[in-house]
Amino acid sequence: MDWQNVLASRMGGMKASEIRELLKLLDRPDVISFAGGIPDPALFPADTFREAMARALCGPGAAKALQYSVSEGYRPLRDWICTQMAALRVPCDADNILITSGSQQALDYLGKLMLDPGDTALVGWPTYLGALGAFRAYEPRFDRLSPTGNRPAADIRAAAEEAGGAVKFAYLSVDFANPTGETLTLAQRNAMLDLAEELDIAIIEDAAYQVLRYDGEAIPPILALEIARKGSIEDCRTLYCGSFSKSLSPGLRVGWVCAAKPVIQRLVLMKQAADLHSPTLNQIATHLVAKEHFTDHVATLRRTYRARRDAMLGALARHMPDGVRWTRPEGGMFVWLTLPKGLDGADLLVRSLETEQVAFVPGGAFFADGSNANSLRLSFSCATEDLIDEGMKRLSRVIRAT
Ligand code: PMP
């Protein structure tokens, strides 16, 4: 069968990333990898989850844990999330929360909710690869969002109209972004909100790494700033996407959207059409573990990842040649490296794997237009401090030899 004859046009924009294909080869034990960007499995609260799952499956509760459940998500978990959101200055109730299968599913639903082919999605340059992938299925045009100084709203709108669509949303990762590790200042968050108001568009606030802060003052989410302006979440254009992937377990696939009720109600319809609900047992176990252990567990994660972040920043300062620049994240899992002009992150990865067995993600993949290839993303979450030093030493040798 010639599948081309039956494929939808949207499949044209959905290609397997060469980088992801290359990264599949990284399971070799001799490779020191800074590519992953995933939690360190040694830190998973496995015993606590084992106990929680056993409790969920004991007695009459077992029927509930194994049964279909409501699309909105497990009510006690939504209530627990409300207490966390309130601590972030986002007062809301359970009807403002939809549980999704990871925040990745939320990004897909929000793309589906708002994008017609040819519409414009404003994204960072660079931005999270998985967000670009989720939105691409809805055939948008991407335009550049720059928190350090945007083009006038009228220019952004005119460019979108010329391309035959409308600007629908700005997608932002405000704390310790993937891939740059950078955090938006309070002024930048307010400026983003001003821009969204002027353009009359939604804001997708991706908070996947929000709890992983290692130093500096926490800054309120954009949703909190908007509630302070408007008085109630019901009047807000910000759609907050949270996740337990980086705090408890990515494998259980539990995330959430927090937003005004009319949006949540529409997303519930999507959830019903897509997968009915996220796994009941995973939601119950996540609730049990979160309510009893969240604070302590996150404190352990912060301590461990902070030491690795410090090790990476120290090793970069010791080993990198002149002309290489990098970010200094206050949290999360990533440092973003800018190479001297003319160097290409993808070429460097091939050489690095051949000669020094060090892996990272080339930066070009994170730009909607593939530009800025002279960059790369390093993740410090899964490497020990010794390996980080050795890895940076090797990486600097590859860069010097280029
Ligand atoms: N947003 C960002 C910025 C991410 O880095 C990731 C995962 N790496 C996600 C969303 C999706 O995570 P999950 O679906 O596991 O919540």
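Counting convention: from 1, in listed order, for ligands and their atoms alike. Note that these values count all heavy atoms, side chains included, but never hydrogens, waters or copies made by symmetry.
For Phe49 and Phe44, the ring centers are positioned 6.0 Å apart or more. Taking the ring centroids of Phe294 and Trp80, they lie under the 6.0 Å cut-off.
Residues that satisfy the side chain to side chain contact (heavy atoms under 4.5 Å, CB included) test with Thr183, not counting sequence neighbours, are Asp175, Phe176, Arg189, Arg213, Ile219.
The distance from atom CZ of Arg144 to atom OG1 of Thr127, rounded to the nearest 0.5 Å, is 11.5 Å.
The protein residues lying under 4.0 angstrom from ligand 1, judged by non-hydrogen atoms, are Gly102, Ser103, Gln104, Tyr128, Asn178, Asp206, Ala208, Tyr209, Ser243, Ser245, Lys246, Arg253.
For Arg351, the CZ atom is densely surrounded, since the number of other residues' heavy atoms within 6.0 Å is greater than 12.
Side chains of Asp206 and Tyr171: a donor-acceptor N/O pair is present below 3.5 angstrom, by distance only.
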